[in-house]
Amino acid sequence: MISPNGIAHIQLTVRDVAASRPFYHRLLVETFGMAIQYDVEGQIFYCIGARAGVLIRNAADQHKDTPFDQWRIGLHHFCFRLRSREDVDALHASMAAFGAKIIRAPEDGAWAPGYYSTLFEDPDGIRIEGLFIPGAGNLDRIKDAPLTPVG
C-alpha cells in the first residue's frame with residue numbers, strides 16, 4: 001500500500017494565460033506568498049510554495065471558445081486547506097478586493113466538524129475553494145479504520 005503525501009501540483013488549462021495571469025498572481029503570489037517558478041509570457045504561469053504547485057497554460061486553439069463546466073468529466077473545483085478561519089476571511093477579502101466572482105463568502109459547512117470555507121471563480125469560471133478544518137477534519141474519522149480495497 002502506498003501512502004501519498006499530498007498533491008504535488010495541479011495544472012489548469014485556461015482560455016488565455018495573459019488574461020488569467022493577474023488573477024493567479026493575486027491568488028498565488030500576493031495572497032499565498034508562493035514563488036514564481038516559470039513565467040513564460042502568454043504561455044505558462046507556474047507558482048510553487050506551501051508544499052504545492054499550481055500551473056496555468058493555454059487551451060488548444062480548438063478549445064479556446066469552450067466554456068468551463070464543472071459538471072463535465074474532469075475538474076469540478078479545487079481547494080486550498082488553510083491554517084485558520086482568519087486565513088479564510090483574508091483570502092475572501094483579497095479575492096473580493098481583486099474583483100473575483102465570489103460564489104460563497106466565508107461560512108460554516110457540514111462537510112466536517114469545524115468546516116469553514118469560501119468559494120470563488122477564476123476568469124474562466126474554474127471554482128477555487130479555501131477552507132479551514134481544525135485538526136485532521138474527516139481524517140480523524142478514518143485514521144483507525146481498517147483499509148478496505150476498492151473494486
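All values below come from the heavy atoms of this structure, side chains included, with hydrogens, waters and symmetry mates left out.
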Quiz item: Any chain of hydrophobic side-chain contacts (each under 4.5 Å) joining Ile128 to Leu12?
Solution: yes
Enumerate donor-acceptor pairs with a distance under 3.5 Å from any side-chain N or O in residues 29-37 to protein atoms, sequence neighbours excluded.
unit_1, atom_1, unit_2, atom_2, d
Glu30, OE2, His25, ND1, 2.9
Thr31, OG1, Arg26, O, 2.8
Thr31, OG1, Ser94, OG, 2.7

Using modelled atom types only, decide if a donor and an acceptor are shared between the side chain of Asp124 and the backbone of Arg15 within a distance under 3.5 Å. yes
Value for NZ (Lys101) from CG (Leu119), rounded to nearest 0.5 Å, stands at 10.5 Å
Next on the checklist: Checking Leu131 against Phe80 for the side chain to side chain contact (heavy atoms under 4.5 Å, CB included) test, could you report, in this order, the C-alpha distance in whole Å, the side-chain angles of both residues, the deciding distance, and whether it holds?
Outcome noted: CA-CA 6 Å; Leu131 76 85; Phe80 290 98; over 6 Å; no
Sequence neighbours excluded, the answer for side-chain contact (heavy atoms from CB on, under 4.5 Å) partners of Ala100 is Phe23, Met95
- Message: Applying side chain to side chain contact (heavy atoms under 4.5 Å, CB included) to Leu91 and Phe120, what does each step give before you reach the verdict?
- Response: CA-CA 10 Å; Leu91 172 59; Phe120 52 94; 3.9 Å; yes
Contacts of Glu129 meeting salt bridge (charged side-chain N to carboxylate O under 4.0 Å, His left out) (sequence neighbours excluded), chain-then-number -> Arg104
Cluster membership besides Leu55, Ile/Leu/Val/Met/Phe/Trp/Tyr side chains within less than 4.5 angstrom, sorted by chain and number, is Tyr38, Val40, Ile44, Tyr46, Ile48
Same apolar cluster: Ile103 and Phe78, side chain cutoff 4.5 Å:
no
Members sharing Ile73's hydrophobic cluster, built from side-chain contacts under 4.5 Å between Ile, Leu, Val, Met, Phe, Trp and Tyr, are none
Residue pairs meeting ring pair (Phe, Tyr, Trp, His ring centres under 6.0 Å), one or both in residues 48-77, sequence neighbours left out, come to Trp71-His76
When rounded to the nearest 0.5 Å, the distance separating CD1 of Ile56 from SG of Cys47 is 8.5 Å
> Tyr116 and Leu82: same hydrophobic cluster, using ILVMFWY side-chain contacts below 4.5 Å?
Replying inline: yes
Would you please test Asp122 and Tyr24 for side chain to side chain contact (heavy atoms under 4.5 Å, CB included) and show each step? CA-CA 8 Å; Asp122 83 348; Tyr24 281 99; 2.7 Å; yes
